[in-house]
Amino acid sequence: MQINIVLIIITILGLIVRNNSLIISGAVLLLVRLLKAEGFLNIIDNYSVKIGIILIMLGVLTPLATGDLKLEGMTENLMNPIAILGLIMGIAVTQFTREGLMLMENTPTVTINLVIGVIIGVAFFKGVPSGPLIASGITAVIYKLISLFR
C-alpha cells in the first residue's frame with residue numbers, strides 16, 4: 001500500500017510541475033500494481049532501460065536519417081571546439097553509464113536515492129529525466145575518486 005501512495009505522489013507531482021514523464025511513469029506503474037500484473041512489472045524492470053536507450057538513440061539519429069543533419073556539416077564542424085567537447089563528453093557519458101549500471105547492480109540501495117534525486121530535479125528544477133543511469137555513473141566515479149583519498 002505504501003508503494004501505491006508513493007506512486008500517487010509521483011503522479012501528482014508530475015501533474016503539478018507539468019512533467020509528462022513523471023505523470024506517465026507514475027500512472028503506468030500504479031495501474032500495473034493495481035491490476036496486480038507483477039509479470040508486467042518484471043518485464044518493465046528487465047527491458048525498460050534497454051528500450052529507453054534504443055528510443056533515445058532513435059531520437060538522436062533521426063535528423064541524420066531524415067536529412068536534416070547533413071554529413072557535410074558534421075565533417076566541416078569536426079574541429080570546432082564545441083564539437084570536440086561534445087565528442088569527448090559523448091565518450092565520457094558512455095563510461096559513466098557503464099559505471100552506473102555496475103553500481104546499480106552491486107548496490108541496489110543507492111537506486112532509490114538516485115530516483116528521488118531525479119524526481120526532485122524534474123519537479124523543482126525543471127530538469128529532464130534522462131539520467132538515473134548517468135547519475136549513478138557519476139556517483140560511482142566520484143565515490144571511487146573519494147575512496148582513493150581515504
Side-chain angles (χ1 to χ4, degrees), residues 1-66 68-69 74 78 81-150:
M1 187 59 157
Q2 289 178 335
I3 295 170
N4 291 353
I5 292 170
V6 171
L7 292 171
I8 290 168
I9 291 169
I10 289 170
T11 305
I12 291 170
L13 235 138
L15 289 166
I16 291 169
V17 299
R18 295 186 177 103
N19 185 288
N20 291 335
S21 298
L22 279 179
I23 296 167
I24 293 168
S25 297
V28 166
L29 291 173
L30 180 63
L31 182 65
V32 170
R33 283 187 51 82
L34 292 175
L35 294 174
K36 299 191 185 319
E38 285 78 18
F40 195 64
L41 282 175
N42 290 333
I43 291 169
I44 293 170
D45 187 36
N46 290 329
Y47 298 105
S48 60
V49 171
K50 292 173 187 163
I51 292 169
I53 290 169
I54 291 168
L55 290 173
I56 289 170
M57 289 302 295
L58 284 170
V60 171
L61 292 174
T62 298
L64 182 63
T66 61
D68 292 340
L69 183 62
M74 288 173 35
L78 198 55
I82 195 149
I84 293 169
L85 184 58
L87 178 69
I88 292 167
M89 292 312 298
I91 294 167
V93 165
T94 65
Q95 302 311 300
F96 283 141
T97 303
R98 181 193 66 219
E99 293 291 327
L101 282 171
M102 289 189 305
L103 177 67
M104 291 171 78
E105 287 173 5
N106 297 331
T107 316
T109 55
V110 78
T111 303
I112 190 65
N113 292 323
L114 292 165
V115 171
I116 291 169
V118 168
I119 290 169
I120 290 170
V122 167
F124 300 108
F125 300 103
K126 300 195 184 305
V128 177
S130 64
L133 281 176
I134 296 168
S136 178
I138 294 169
T139 301
V141 169
I142 291 172
Y143 185 75
K144 286 179 179 181
L145 289 173
I146 291 170
S147 295
L148 288 175
F149 297 106
R150 285 189 186 180

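Note that the structure is a prediction, hence the values are computed from the model and not measured.
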**Q.** Any T11 side-chain heavy atom under 4.5 Å of L29 side chain
**A.** no
Return all side-chain donor-acceptor pairs below 3.5 angstrom for residues 139-150, not counting sequence neighbours, or 'none' if the list is empty.
from	atom 1	to	atom 2	distance (Å)
T139	OG1	A135	O	2.7
K144	NZ	E99	OE1	2.5
S147	OG	Y143	O	2.9

Q. Measuring from L13:CG to I120:CD1, what's the distance to the nearest 0.5 Å?
A. 9.0 Å
(Q) Could you measure the distance from the OG1 atom of T97 to the CD1 atom of I138? Nearest 0.5 Å is fine. (A) 8.5 Å
Q) If you round to the nearest 0.5 Å, how far is CD1 of I3 from CD1 of I8? A) 12.0 Å
Q: Can you see which heavy atom on I91 is nearest to which on T94, and at what distance?
A: O-OG1, 2.6 Å
Q | Residues that N113 engages under side chain to side chain donor-acceptor pair (under 3.5 Å), provided they are two or more places apart | A | none
Q | Contact summary for S136 and L114, nearest pair of heavy atoms | A | CB-CD1, 3.4 Å
(Q) As an exercise, state the distance from CZ of R33 to CG of L7, rounded to the nearest 0.5 Å. (A) 6.5 Å
**Q.** Nearest-0.5 Å distance that lies between atom CD1 in I51 and atom CG in N46
**A.** 10.5 Å
Q) Just wondering, are more than 12 heavy atoms of other shown residues or ligands nearer than 6.0 Å to CG in L85? A) yes
**Q.** Closest contact, heavy atoms only, L15 versus I23
**A.** N-CG1, 3.5 Å
**Q.** Separation between CD1 of I44 and CD of E38, rounded to the nearest 0.5 Å
**A.** 11.5 Å
Q | I82 atom CD1: more than 12 heavy-atom contacts under 6.0 Å | A | no
